[in-house]
Each structure stands twice: as structure tokens, then as C-alpha cells.
2 protein chains.
Amino acid sequence: MADLPERTSSDPNVEIMRATYRALRESGYADLTIKRIAEEYGKSTAAIHYHYDTKDDLLVAFLDYILERFVETIHEVETTDPERRLDLLLDQLLVAPADHHDLLIAVLEMRGQTPYNEAFADRFQRNDEYVRYMLRTVIDHGISEGVFTDVDAEHATRALILSSMGDALEPSFWTRRIRSPQPDRRQRSTFPSFSELRQTRSAGS
Amino acid sequence: MADLPERTSSDPNVEIMRATYRALRESGYADLTIKRIAEEYGKSTAAIHYHYDTKDDLLVAFLDYILERFVETIHEVETTDPERRLDLLLDQLLVAPADHHDLLIAVLEMRGQTPYNEAFADRFQRNDEYVRYMLRTVIDHGISEGVFTDVDAEHATRALILSSMGDALEPSFWTRRIRSPQPDRRQRSTFPSFSELRQTRSAGS
DNA sequence: GACTTTTGACTGACTGGTTAGTAAGTTAGG
DNA sequence: CCTAACTTACTAACCAGTCAGTCAAAAGTC
């Protein structure tokens, strides 16, 4: 999950995606309105409707935009050493989201809409399948090289599932914003890193 | 997380709580309206406002209602054998929520609102603290009896955190409703049970 | 025990504000 | 002068919440 770069893009679509992100971050999904997005965009609500016919179109486009960046980020892992490749991949999946707390909240809120929005569900399912595939590939490669044992696969898959949740497992995650506006963001999650999990597993087998 | 019993209660407040639950389950938090709740209640919207001044009052009352039942349920664990007591407690925290899929979704959606609703945040924080306290007490008791080693405490706390999430870690959890309306609900979660976790841990130490 | 009064639980009609979305006209750049 | 990117002004639907009045049953009162 990369930051949102190109701070001064002249592409209205990208500007709207950024505005949507800010509005979602500040209002939450339940209170997200076209008006709020338009305010962040600095234009009228009709300007939003000029680019996206319906609110749902906009939201689906936004989800695509975010997940595209997510996939790009984990695709950047380019190493041949299986062990290092897995560690880097899992860092992207588990550690990176913790550094983008607000974005993670936004994505989790949209994920929470999947029971009521089929388009969202499709996107998340495809994304989950892709991430799963990536992990399986990396692990299979490691197994064929004799670096991993095959029990790791199951374990890693479990860790992958956590990626979509990350710090959400920490109760303080949800309350952080209201309790103390923007505190020490650099504080690391207390959730076990993948290397910890791997140690436990190999000790057990 | 108990079922909602007393199917025919004449207490309007309880009826409204149940109606709110059904409305929340079917509409999701973002689309939850007084009108929807009133429809489930079978009365007018003004009838809702007669019992609860504002929508927020109603929602906070609903959250209290749900969390109260949750606490009651885990309080029912009454055994002196530390090991069995911990297992039963963790079953309530980890396994029971999986049996109440819809309720869990509803609670998770409300938890997702905590960054924007201080009253919700308060309730969840108190609840988390209570659950944490319960677990710590049970574990400390087990340690003083010499049944547990103290490393279990950290491990159990981690499992507790999962309690608030449960099956949410399964991607299919979110998509289940849309994909196949009400499929095999009895299918057990694939997430490791606490006993599995404990076996791994003791094998490692 | 008949009567009045009070109270709890509503209904139906309404209000003011907000929502997503539209339609017609404007403006600046290539 | 054409088109992309808007704006202003609008609409219909919907939202939470209000208000005046209904109605049955409980509580006093004589």
C-alpha cells in the first residue's frame, strides 16, 4: 500500500481519487457524501458527476485505484533468494499497512461493505486471490529450491489473511484517532512479525 | 455472543433492539435508517423516536444491549479447573462468534464506527478491557496452580484479540452473504482453535 | 363499582435539511 | 470554434426529528 504520490497532478480523475480518499478518511464510509468529496476536490458536486455518473461508479473506481496501487507495491518485490523474497513480500503485506493507518481504515471500511455491494466484493475477492497466488508462487519456489518445508505454505497463507487486517487486531487501532488525534505513528504493531511466526512453527515441527 | 431469546417479549425496548439488529443485519450500518428499523419493528418511525430521542441514542443503547449479552455469556464459564476454564472461555471468545455470523458482522460494523463515534469507542474499549481482565484472571489462576507457564499469558492475550475479529480473517467471511444467500452455516472456521495454538506453543518451549 | 384522570405507546402529517443526480449555460485552452 | 471541465440552479427522494392528537389500560378518587 503505497502513499498517494504526484501531489500536483492535473488529471481530474486522480485529483478526485485523492479527494475521495481524504473525504473517506475524515468522514468514514457511512457519512461519505458526494458533497464531502466535492469539498475536498475544491469544486462543485456536479463536477464530480461530470467525471463519474453515480456515486457507486466513483466508489468502485476508487477501490480499483487503491487496490491497483496495492498490487503494484507487492509486485515490486524482485529478488531470487526465496527466503528474502518471502520476507520482503510479507513485510509489504503485514508491516507496510501499519505505516498507512488511515488508508488501512478506509480499505477496511470498504471491505465491510462487501456484503451489501457486489462490485466491492468482486474487487476484494480478485485482490485476495492475487495476493494468495503471489504468496503460493513464492513459497512453492522456495520449496522446490529446498529452502522451505511444505508446512510453511499453510502457515504463510494464514499470515496473508492477516495482511488484509493488519493492525486491526489491536483494539487501540480503532480508537486511536479519537483518543489522541495523531500520536506516535511510528510505534510498531505488537502483532507478531512473520519471522516470529516462522520461528515458532519450525521449533514445533 | 448469545442468541436473542424471548421471541415474544412485550417490552417495546427489547422489541426495538431486536428490530435494530434485523435492520442492521440486512441493510448494513451505512444504510441503516430509523425508517428501516421502524419497518422491522412493525410500527411508525415516530414510535422509535418515542423510545429513543435520537438515532445515536438508539444505536448506543443497541451496542450496550449486545455487549451486555456478550459479557453475560462469557461470565457463564464456571469451573475451577484452570485448564478447562481457559478452554471454555476461549471457546466463547473464538468459536461462539463463528456460530453467529450475522451478529458478528453487525458488531464489526459498529466497531468500524469507533473512529467517528466516541460513545461507541467508549463501549468497545470497556468491553475489551473486561475481556482482557477475564482472561488475565483465569490465566493467573492457572499459573498460581502451576498448570500454566507464564508464557501462555502473552499467547492467550493474542488469541483474545482475535476474539473481536474471529472469522473476519477468512476472506469468504465478508463475501459469503452475496455469493450464496444462506449456505452451510455449520461449516467450522478454518482458523486455528486455541488448543491448536497451545499445542504449537508448548511444542516450541 | 362507576367515574375521572393519568400514563404509556403509539399514529399520521409534517418540517427543514440533505441526498444523489440533472439540465442548461459558461469559460478557458488547443 | 470546439471540447473538456466545469458552475449555478434545480428536482425528487429521503433523512432525522417534531407535533398534535388517539386510544387503551392502569391508577386514583368518591
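To find a chain, count down the sequence lines: A is the first, B the second, and so on, and within it residues start at 1. Below, each value reflects all heavy atoms present in this structure, side chains not excepted, and no hydrogens, waters or symmetry copies.
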Exercise for review: Run the salt-bridge test on B/Arg126 and B/Asp64 with the 4.0 Å N-O cut-off and return the result as yes or no.
Suggested key: no
Point to revise | Separation of C/dG17 P from B/Ile34 CD1 (nearest whole Å) | key: 19 Å
Revision key, fill the gap. The residue, A/Tyr50 or A/Gly42, whose nearest nucleotide of DNA chain D is more 5′ is A/Tyr50
**Study point:** Closest-nucleotide ordering on DNA chain C, the 5'-leading residue of A/Ala46 and A/Asp31
**Key:** A/Asp31
Exercise for review: Send over the distance from A/Lys55 NZ to C/dA20 C1', rounded to a whole Å.
Suggested key: 8 Å
**Study point:** Sidechain-backbone polar pair: B/Glu109 side chain, B/Tyr29 backbone, donor-acceptor under 3.5 Å
**Key:** yes
**Study point:** Distance in angstrom units between A/Leu32 CG and C/dT19 P, rounded
**Key:** 10 Å
Point to revise | Sugar-phosphate, base or nothing in reach of B/Thr33, heavy atoms under 4.0 Å | key: sugar-phosphate
Point to revise | Under-4.0 Å salt bridge between A/Arg69 and A/Glu72 | key: no
Check your understanding: Between D/dC6, C/dA9, C/dG21, which nucleotide gets closest to the side-chain atoms of A/Thr45?
Key -> C/dG21
Point to revise | Listed nucleotide nearest any side-chain atom of A/His51, set D/dC19, D/dA5, C/dA20 | key: D/dA5
Check your understanding: Taking atom C1' of C/dT19 as reference, at what distance in whole Å does atom CG of A/Asp56 sit?
Key -> 15 Å
Practice item. Take the protein atom CD1 of B/Ile48 and the nucleotide atom C1' of D/dA16, then report the distance between them rounded to whole Å. Key: 12 Å
Check your understanding: OP1 or OP2 of C/dC10 less than 4.0 angstrom from a side-chain nitrogen or oxygen of B/Tyr41, does that happen here?
Key -> yes
**Study point:** Whole-Å distance separating the NZ atom of A/Lys35 from the P atom of D/dT11
**Key:** 19 Å
**Study point:** Length of the line joining A/Asp11:CG and D/dC6:P, which is rounded to integer Å
**Key:** 10 Å
Practice item. Answer yes or no: does a side-chain N or O of B/His49 lie under 4.0 Å from OP1 or OP2 of D/dC19? Key: no
Review point. With a 4.5 Å heavy-atom cut-off, do A/Val131 and A/Phe70 have their side chains touching?
Key: yes
Practice item. Could you check whether the rings of A/Tyr21 and A/Phe62 sit parallel, tilted or perpendicular, using 30° and 60° as the cut-offs? Key: parallel
Check your understanding: Rounded to the nearest Å, what distance is computed from the CG atom of residue B/Asp53 to the C1' atom of nucleotide C/dA9?
Key -> 15 Å
**Study point:** Selection from C/dA9, D/dT7, D/dC19 that lies nearest to any side-chain heavy atom of A/Lys43
**Key:** D/dT7
